[in-house]
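Okay, so here's the structure we're looking at.
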There are 2 protein chains.
Amino acid sequence: MKRNTWQREAVREALDDTEGFISAQALHGALHQTGSPIGLATVYRALGDLAANGEADSLQSPDGEALYRACSTTGHHHHLICRNCGLTVEIAADEVEAWAKRVAADHGFTAAAHVVDVFGLCANCTKLLAAGEQPLA
Amino acid sequence: MKRNTWQREAVREALDDTEGFISAQALHGALHQTGSPIGLATVYRALGDLAANGEADSLQSPDGEALYRACSTTGHHHHLICRNCGLTVEIAADEVEAWAKRVAADHGFTAAAHVVDVFGLCANCTKLLAAGEQPLA
DNA sequence: GTGATTTTGACAACCATTATCAATAAGCGT
DNA sequence: ACGCTTATTGATAATGGTTGTCAAAATCAC
């Protein structure tokens, strides 16, 4: 039987309050900052459940971290994510939608879904890192 | 200065001989089976270098493993992957490259990298699944 | 060949994630 | 409302992939 716990609800809300993607660790940290004593393992479990239920989306960052986002029922869009500070901008991508569909069709693929996310350094972090750092990508 | 070592060459060849994607660990294992005493750390380094040079492609498996593949085209490209049988097609995406760059620039982002992969059902699997199955994405 | 320097590789360190398991608490039947 | 059953929690250990360390070995310029 599935029980309702305040922890699961807390994770769901924290995820809803988050713009774009967030890692399990970051979400755990955010929850702690609000005073919630929720455990890390529980956050992982809750996120896994949400993803399994289709209430959340997950993707792998280039660094191999698993990132989660609240599954917005408000439609399909993509993200521009700062790999330094985590700032996320939602981006419409009609152009890419069309491209993905066409490419899939050209190769006989059906039921095409796609993962399209852009990672970079936001303007602010670019300035901060300009003092000597060399980003690799 | 960059030096030529048999280890690096061995990794490059092993990768060339591999159909599709392979993990660093698996590649290390394969090399050992052929009698090569190459070290694991070296395999990781070589793969990283190849990927940085655009001679290899890397992507994150759903399990968080990094998978590598010899790049048939030396340029940057993306993948169309059958979520049923794993068939992978390399796709050029100049259109998307341009889009990604423009979107990043529009928002003041720099050092933009992007994850663009299309998952679907290849023609063959579409036929196979036509008999009643309903893919989830 | 000699020497400066890169590269290697065994192993430790790291980090995200998962498993463990006793303690806790949710929800059912009463 | 109470107790009981059992899912859930959470501190911690374990896991597994990947990266850092650093002495030893190999490479290239000369």
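Residue numbers begin at 1 in each chain, while the letters A, B, ... track the order of the sequences.
Whole-Å rounding puts the A/H28 NE2 to C/dT18 C1' distance at 15 Å. In this structure, the CD atom of A/E9 is 15 Å from the C1' atom of D/dT8, given to the nearest Å. The CG-P distance, from A/D49 to D/dT8, rounds to 8 Å in whole Å. When the C1' atom of D/dT9 is taken as reference, atom CG of A/L47 falls 15 Å away, rounded to whole Å. Distance CG (A/L31) to P (D/dT9): 13 Å, rounded to an integer number of Å. A/F21 has its CZ atom 18 Å from the P atom of C/dA16, to the nearest Å. Remark: C1' of C/dT8 and NE2 of B/H32 are 12 Å apart, rounded to the nearest angstrom.
In the helix from C/dG1-D/dC30 to C/dT30-D/dA1, the end axes, each obtained as the rotation axis mapping the C1' atoms of four pairs onto the next four within a five-pair block, lie 40° apart to the nearest 10 degrees.
A salt bridge does not link B/D57 with B/R69: every distance from a Lys NZ or Arg NE/NH1/NH2 to an Asp or Glu carboxylate oxygen is 4.0 Å or more.
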Quick one: do B/E65 and B/Q60 satisfy side chain to side chain contact (heavy atoms under 4.5 Å, CB included)? Show the steps, please. CA-CA 6 Å; B/E65 262 186 301; B/Q60 300 281 341; over 6 Å; no
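Scanning for side chain to side chain contact (heavy atoms under 4.5 Å, CB included) contacts around A/Q25 gives A/S23, A/L40, A/Y44, with sequence neighbours left out.
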In B/S/- notation, 5' to 3', how is nucleotides 17-30 of chain D contacted by protein heavy atoms closer than 4.0 Å? SBBBB----BBSS-
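Under the 4.5 Å side-chain criterion, counting only non-hydrogen atoms from C-beta, B/L15 is in contact with B/Y68. Contact check for B/T5 versus B/T42: no side-chain heavy atoms found under the 4.5 Å cut-off. Looking at B/S36 and B/W6, their side chains come closer than 4.5 Å, going by heavy atoms from C-beta outward.
Once rounded to the nearest 0.5 Å, the distance linking CG of A/N4 with CZ of A/R8 reads 7.5 Å.
Each of B/L67, B/L27, B/I22 was checked for a side-chain contact (heavy atoms from CB on, under 4.5 Å) with B/L47, and the lone residue meeting it is B/L27.
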